Asker: 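Have a look at this one.
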Amino acid sequence: MNTLSFLILSFFSLCFSISFSHAVVVLVLNLFTATPQNHHSTIVNAAHRSIIRVNHFYKNSLASTPESTVIPNTGSDIVWLQCEPCKQCYNQTTPKFNPSKSSSYINIPCSSILCHSVRSTSCNDQIFCEYTINYGDDSHSQGDLSVETLTLDSTTGSPVSFPKTVIGCGNNNTGRLEVQGSGIVGLGGGPVSLITQLGSSIGGEFSYCLVPLDNKESNTTSKLSFGDAAVVSGDNVVSTPIIKKDPSVYYVLTLEAFSVGNKRVEFGGSSEDGDEGNIIIDSGTTLMVLPADVYKNLESAVVDLVKLKRVDDPYKLFGLCYSATLDEYDFPLITAHFKGADVELHSISTFTQALDGLVCLAFLPGGAIFGNLAQQNLLVGCDLQQGTVSFKPTDCTKV
Ligand SMILES: *[C@@H]1O[C@H](CO)[C@@H](O)[C@H](O)[C@H]1NC(C)=O
Ligand SMILES: *[C@@H]1O[C@H](CO)[C@@H](O)[C@H](O)[C@H]1NC(C)=O
Ligand SMILES: *[C@@H]1O[C@H](CO)[C@@H](O)[C@H](O)[C@H]1NC(C)=O
């Protein structure tokens, strides 16, 4: 097996670099889109996106239990980047990918089976296959479905190439990626996600370590690794099974309960209840999203412990806010009890400085998503052959 390690370039949590033929581009991991603006608006925007994304996940699923059902988020796990010539592109600080300069770039023809196997493709009047992706937050990308050589840095020293990786070359893109991202990479389990395409060469293994969101001034970056480099081992590693559910785009886990300090808040998931597979782990949603009743119980458990003045969130996004700063008060530890894996979440993962002097519980009611704020400073490893997600407390600025 090739041993691959994949390094990140940019300042904030979810950007990393990837090489396509002649160009190195920075892609955003899934949908999370921190901006170079100040932290408040980042969090507020992120909260809005979390809400929109949750609505998207649960739309049309009213017939079944909203808390435990996921619906296809069409094409959300393809890899795409902005391409010249642009009909409509968002501003990007780095040069856009120019396929005419690459000898390994090939458009996929309409007649290809591949064109028909990827969701949301069309041929219109053209010879070449066109894809369209609409994300839950109104971002969208449209362009040519194509193949290109993908190159990853390797821990063995020499880069490893993956010829004929399916990518979307987008020339009509709108979104909230802002300037740092050239596009979006999908890490889900769908047919053309990066993980599926790298396939056996990475042994179904990848891991990521997200540096804290408020770490932007320093030069430390998040890290994404594949293959042997992605094995999460050593002390303090806990693992929980991935529950197979359709669509395969999502990684679904079983969460049994939370603890806030010593108080346990039940979440449900147990094999006796047939309630396995009740929460999505997602790098594209920022906040933690919980079923309304669980949220309510968790919120009261926090209220019981935090001896601070409760204030309203002027944006009316968060249900529980305090007049405080994150560093000046010792907010309670919240533990997520996944099946077989207790994961301790420190205050940077569960509370957010929504405004100066305003700290809010970074959870929302109305779904079941373990978002990326909660995953900061955890080495998170997915082993798709074993069918597990592992967590290890880690200072991600130091890996
Ligand atoms: C870009 O895509 C949007 C949404 O599909 C469409 O409304 C718009 O006309 C497209 N713009 C161009 C220049 O093709
Ligand atoms: C994008 O860049 C162009 C040219 O630099 C500038 O005129 C435009 O205002 C920018 N748009 C946004 C949304 O920042
Ligand atoms: C960050 O990296 C850049 C380029 O390597 C360097 O010039 C700068 O001094 C670094 N900043 C900090 C805070 O380490």
Side-chain angles (χ1 to χ4, degrees), residues 14-15 18 20 23 25-35 45-46 48-61 70-102 105-112 114-148 165-186 188 190-194 247 249 284-285:
L14 298 178
C15 266
I18 192 170
F20 284 109
V25 301
V26 180
L27 294 177
V28 174
L29 190 61
N30 209 332
L31 262 189
F32 180 86
T33 52
T35 67
N45 287 339
H48 277 296
R49 275 194 303 274
S50 298
I51 293 167
I52 295 165
R53 198 161 154 87
V54 168
N55 288 338
H56 194 75
F57 276 140
Y58 295 104
K59 200 167 62 183
N60 304 330
S61 64
V70 293
I71 58 153
N73 187 359
T74 311
S76 74
D77 67 349
I78 197 175
V79 179
W80 66 264
L81 61 163
Q82 299 210 101
C83 279
E84 299 283 9
C86 272
K87 285 184 201 154
Q88 186 183 325
C89 284
Y90 56 81
N91 282 352
Q92 172 184 328
T93 46
T94 50
K96 294 181 194 76
F97 185 74
N98 190 342
S100 69
K101 292 194 176 151
S102 167
Y105 175 93
I106 307 167
N107 279 322
I108 294 174
C110 278
S111 55
S112 157
L114 196 57
C115 185
H116 302 282
S117 64
V118 176
R119 213 201 293 263
S120 291
T121 52
S122 68
C123 281
N124 301 332
D125 310 330
Q126 305 162 18
I127 311 162
F128 296 118
C129 186
E130 187 168 276
Y131 74 94
T132 303
I133 300 169
N134 295 305
Y135 293 95
D137 67 350
D138 294 336
S139 304
H140 109 289
S141 171
Q142 194 178 346
D144 294 319
L145 195 68
S146 44
V147 294
E148 174 60 298
T165 303
V166 177
I167 60 163
C169 203
N171 42 39
N172 179 356
N173 319 300
T174 53
R176 306 176 195 207
L177 292 174
E178 312 298 337
V179 289
Q180 279 111 332
S182 305
I184 289 180
V185 67
V192 287
S193 91
L194 187 59
V249 176
T285 303

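Counting starts at 1 for both ligands and their atoms, following the listed order. Just so you know, these numbers come straight off a predicted model, no measurement behind them. All values below come from the heavy atoms of this structure, side chains included, with hydrogens, waters and symmetry mates left out.
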Asker: For S141, which of T174, N171, N173 qualifies under side chain to side chain contact (heavy atoms under 4.5 Å, CB included)?
Answerer: N173
Asker: Under 4.0 Å from atom 14 (O) of ligand 1, can you find at least one protein heavy atom?
Answerer: yes
Asker: What residue and atom, counting heavy atoms only, is the protein's closest point to atom 12 (C) of ligand 1, and at what distance?
Answerer: N172 ND2, 3.3 Å
Asker: Could you tell me whether the side chain of Y131 and the main chain of G170 form a donor-acceptor pair under 3.5 Å?
Answerer: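 Confirmed, Y131 side chain pairs with G170 backbone.
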Asker: Please list the nearest protein heavy atom to atom 4 (C) of ligand 1 with its residue and the distance rounded to 0.1 Å.
Answerer: H140 NE2, 3.6 Å
Asker: Do the side chains of T165 and V79 get nearer than 4.5 Å, heavy atoms only?
Answerer: no
Asker: Is the shortest N/O to N/O distance between K87 and ligand 1 below 3.5 Å?
Answerer: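 No - when backbone and side-chain N and O of K87 are compared with those of ligand 1, no distance drops under 3.5 Å.
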Asker: Heavy-atom contacts with Q142 under 4.0 Å: which atoms of ligand 1 show up? List them by number with element.
Answerer: 1 (C), 2 (O), 5 (O)
Asker: Any non-hydrogen side-chain atom of S102 less than 4.5 Å from a side-chain atom of P99?
Answerer: no
Asker: Kindly assign one of parallel, tilted or perpendicular to the pair W80 and Y90, based on the angle between their ring planes and the thresholds 30° and 60°.
Answerer: perpendicular
